[in-house]
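Along the sequence shown, residues are numbered consecutively beginning with 1.
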Amino acid sequence: MKNTLKRFAQVSLIGLSLTLGISAQAQNILSFEQNGLEPLANGFHYEGWLIIDGAPVTTGKFNVNADGDLVDLDNRVIGSSAFIVPENAQDASLVVLTIEPAGDVNTIPAATKYLGGAIVDGVANLSIDAAPALGNDFSEASGSYILATPTNGNDNDENSGVWFLDLSSGSPSAGLNVPELPAGWEYEGWVVVDGQPISTGRFTDPAAADDFSGFSGDQGGPPFPGEDFLSNAPEGINFPLDLSGAPVVISVEPSPDDSAAPFAFKPLVGVSPEGAQDHFTYSLDNKAAGAATVVAKLN
């Protein structure tokens with residue numbers, strides 16, 4: 001049955017190529033089998049690329065629906081997750097997957113290169129650690145954080161802030177040991193309250209302040225990523241918070257981003273204990289093994 005469906009998909013694609021004026025002898029088929037790609041929102045989409053003689057050649061734009069199927073930009077399921085590619089695709093050395101912005105119509109890869117892999121015997125196993133992609137598997141990433149509210153200038157509501165720093169030596173130091181990200185990517189901190197993620201801000205340097213302080217008080221915070229949750233609460237949330245028992249997350253986000261929600265790749269995750277102690281250093285667990293992967297097959 002699978003072989004019959006495969007032959008049907010190939011015949012359908014060849015028929016499409018003839019309709020478009022492409023010789024059936026001058027094309028190949030590239031198929032993707034994905035694990036962990038999330039649907040992109042607001043017109044953002046994925047695009048595959050073959051690297052042929054050092055130059056990128058698009059294999060097509062697509063998204064992923066809620067069932068995990070590859071779909072075109074009109075949300076139609078792509079049969080067998082397969083794309084027609086030119087004959088010289090057999091000369092490709094790499095496959096790269098990018099995240100493209102809404103309205104993208106050019107044939108230049110975005111800076112946000114997500115997955116990549118070398119083609120060996122017609123198969124490429126795409127992962128985040130490929131050099132053309134994020135370039136690291138994040139298996140050595142580690143992190144810590146404290147609960148505190150330094151921006152209200154007193155000792156009140158100390159469990160209503162999270163800061164990604166380490167106090168175990170007695171002095172504040174960077175709490176995150178994470179790889180430098182390539183262009184097109186940023187880190188973002190989160191707490192999750194009643195199932196709702198709330199951002200602490202975005203950053204690229206774990207030893208410097210992040211880009212957001214909209215929930216904090218009127219006093220300066222430490223020079224590390226983090227946030228106090230004291231004012232301007234999002235709808236449905238009441239500040240100040242008690243972050244005892246709350247998940248604390250570091251995600252890797254595309255930039256520009258398709259959504260205000262956390263991206264699928266969250267290499268560091270922790271949960272503050274019930275009855276958490278403020279100004280105590282808590283550890284984050286490494287969850288990088290859950291990163292998305294794609295198997296690309298060239299026929």
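Considering all non-hydrogen atoms of both residues, Ala130 and Gly116 come closest at CB-O, 3.1 Å. Looking at every heavy atom in both residues, Asp166 comes nearest to Ala174 through CB-O, 4.1 Å. Closest non-hydrogen pair, Ala133 versus Ser127, comes out as CB-O, 4.0 Å. The heavy-atom pair separating Phe138 from Asn136 by the smallest distance is N-OD1, 2.6 Å. Heavy-atom minimum distance, Pro197 versus Gly195: CD-O, 3.6 Å. The shortest non-hydrogen separation linking Asp258 to Pro39 is OD2-O, 4.3 Å.
Between Phe203 and Phe224, the ring center distance fails the sub-6.0 Å criterion. For Phe263 and Tyr114, the ring centers are positioned less than 6.0 Å apart.
In this structure, CG in Leu298 is found 10.0 Å from OG1 in Thr59, a value given to the nearest 0.5 Å. Rounding to the nearest 0.5 angstrom, the gap separating the OG1 atom in Thr58 from the CG atom in Asp104 is 8.5 Å. Remark: Tyr282 OH to Leu167 CG distance equals 11.5 Å, nearest 0.5 Å. Distance OG1/Thr151 to CD/Glu227: 7.0 Å, rounded to 0.5 Å. Taken to the nearest 0.5 Å, the CG atom of Asn88 stands 4.0 Å off from the CD1 atom of Ile52. Note: Leu126 CG to Leu94 CG = 9.5 Å, rounded to the nearest 0.5 Å.
When side chains are defined from C-beta on, Ser244 does not count as touching Ser272, because their heavy atoms never get closer than 4.5 Å. Residues Leu73 and Phe62 are not in side-chain contact: their nearest non-hydrogen atoms beyond the backbone lie 4.5 Å or more apart. In this structure, Phe239 and Asp228 have side chains that are not in contact, with every pair of non-hydrogen atoms separated by 4.5 Å or more. In this structure, the side chains of Asn152 and Glu158 come closer than 4.5 Å at one or more pairs of heavy atoms. No side-chain heavy atom of Val248 sits under 4.5 Å from any side-chain heavy atom of Val271. No side-chain heavy atom of Trp163 sits under 4.5 Å from any side-chain heavy atom of Thr149. Using a 4.5 Å heavy-atom cutoff, the side chains of Leu37 and Tyr46 are in contact. Counting heavy atoms from C-beta outward, Leu241 and Asn159 have side chains that stay 4.5 Å or more apart.
Pairs engaging residues 265-290 under the salt bridge (charged side-chain N to carboxylate O under 4.0 Å, His left out) rule: none recorded [sequence neighbours left out]. Identified under the salt bridge (charged side-chain N to carboxylate O under 4.0 Å, His left out) test for residues 192-206, with sequence neighbours left out: Glu186-Arg202, Glu188-Arg202, Arg202-Glu253, Arg202-Asp257. Sequence neighbours left out, the pairs with a member in residues 29-52 that pass salt bridge (charged side-chain N to carboxylate O under 4.0 Å, His left out) are Glu47-Lys61.
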Please determine whether side chain to side chain contact (heavy atoms under 4.5 Å, CB included) holds for the pair Leu230 and Ser216, giving the CA-CA distance in whole Å, both sets of side-chain angles, and the decisive distance to 0.1 Å.
CA-CA 6 Å; Leu230 301 170; Ser216 287; 5.7 Å; no
What's the verdict on side chain to side chain contact (heavy atoms under 4.5 Å, CB included) for Leu50 and Val85, showing C-alpha distance, side-chain angles and the deciding distance?
CA-CA 9 Å; Leu50 293 171; Val85 292; 4.2 Å; yes
Would Tyr145 and Leu165 count as a side chain to side chain contact (heavy atoms under 4.5 Å, CB included) if you check the C-alpha gap in whole Å, the side-chain angles of each, and the deciding distance to 0.1 Å?
CA-CA 5 Å; Tyr145 65 95; Leu165 57 81; over 6 Å; no
Using the side chain to side chain contact (heavy atoms under 4.5 Å, CB included) rule, take Val95 and Ile119 through it: C-alpha gap first, then chi angles, then the decisive distance, then the call.
CA-CA 7 Å; Val95 180; Ile119 300 175; 3.7 Å; yes
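Proximity of a side-chain donor or acceptor of Asn177 to a complementary backbone N or O of Ala141 within less than 3.5 Å is not detected. Checked by atom type and distance alone, the side chain of Ser160 never pairs as donor or acceptor with a backbone atom of Pro240 at under 3.5 Å. Side-chain atoms of Asn65 come within 3.5 Å of backbone N or O of Asp67 as a donor-acceptor pair. Of the possible donor and acceptor atoms, none in the side chain of Asn63 sits under 3.5 Å from a partner among the backbone N and O of His45. In this structure, the side chain of Asn28 does not engage the main chain of Ala89 through any donor-acceptor pair within 3.5 Å. Using modelled atom types, no side-chain atom of Ser31 and backbone atom of Ala82 make a donor-acceptor pair closer than 3.5 Å. Here the side chain of Ser283 pairs no donor or acceptor atom with the backbone of Ser144 at under 3.5 angstrom. Judged purely by atom type and a 3.5 angstrom limit, Trp185 uses its side chain to pair as donor or acceptor with the backbone of Lys113. The main-chain N or O of Gly189 is found under 3.5 Å from a side-chain atom of Thr200 such that the two form a donor-acceptor pair. Between the side chain of His279 and the main chain of Gln277, no donor-acceptor pair closer than 3.5 Å is present.
For the residue pair Trp49/Thr98, the side-chain donor-acceptor check at 3.5 Å is satisfied.
The number of heavy-atom neighbours closer than 6.0 Å to CD of Gln90, taken from other residues, nucleotides and ligands shown, is above 12. The environment of CG in Asn106 is crowded: more than 12 heavy-atom neighbours from other residues, nucleotides or ligands sit within 6.0 Å.
By the criterion of side-chain heavy atoms lying less than 4.5 angstrom apart, applied directly or through intervening Ile, Leu, Val, Met, Phe, Trp or Tyr residues, Ile99 is grouped together with Val294 in one hydrophobic cluster. One hydrophobic cluster, built from ILVMFWY side chains closer than 4.5 Å, holds both Leu176 and Tyr187. Trp190 is not connected to Val193 by any chain of hydrophobic side-chain contacts under 4.5 Å among Ile, Leu, Val, Met, Phe, Trp and Tyr, and they are in different clusters. Under a hydrophobic clustering in which Ile, Leu, Val, Met, Phe, Trp and Tyr are joined whenever their side-chain heavy atoms come within less than 4.5 Å, directly or via other members, Val162 and Ile237 fall into the same cluster. In the hydrophobic cluster analysis, where Ile, Leu, Val, Met, Phe, Trp and Tyr join through side-chain heavy atoms closer than 4.5 angstrom, Val96 is grouped apart from Ile128.
Exactly one residue among Asn75, Val77, Val64 makes a side-chain contact (heavy atoms from CB on, under 4.5 Å) with Asp69. That residue is Val77. Residue Phe164 is tested with Leu268, Ile250, Asp210 for a side-chain contact (heavy atoms from CB on, under 4.5 Å); the sole match is Ile250.
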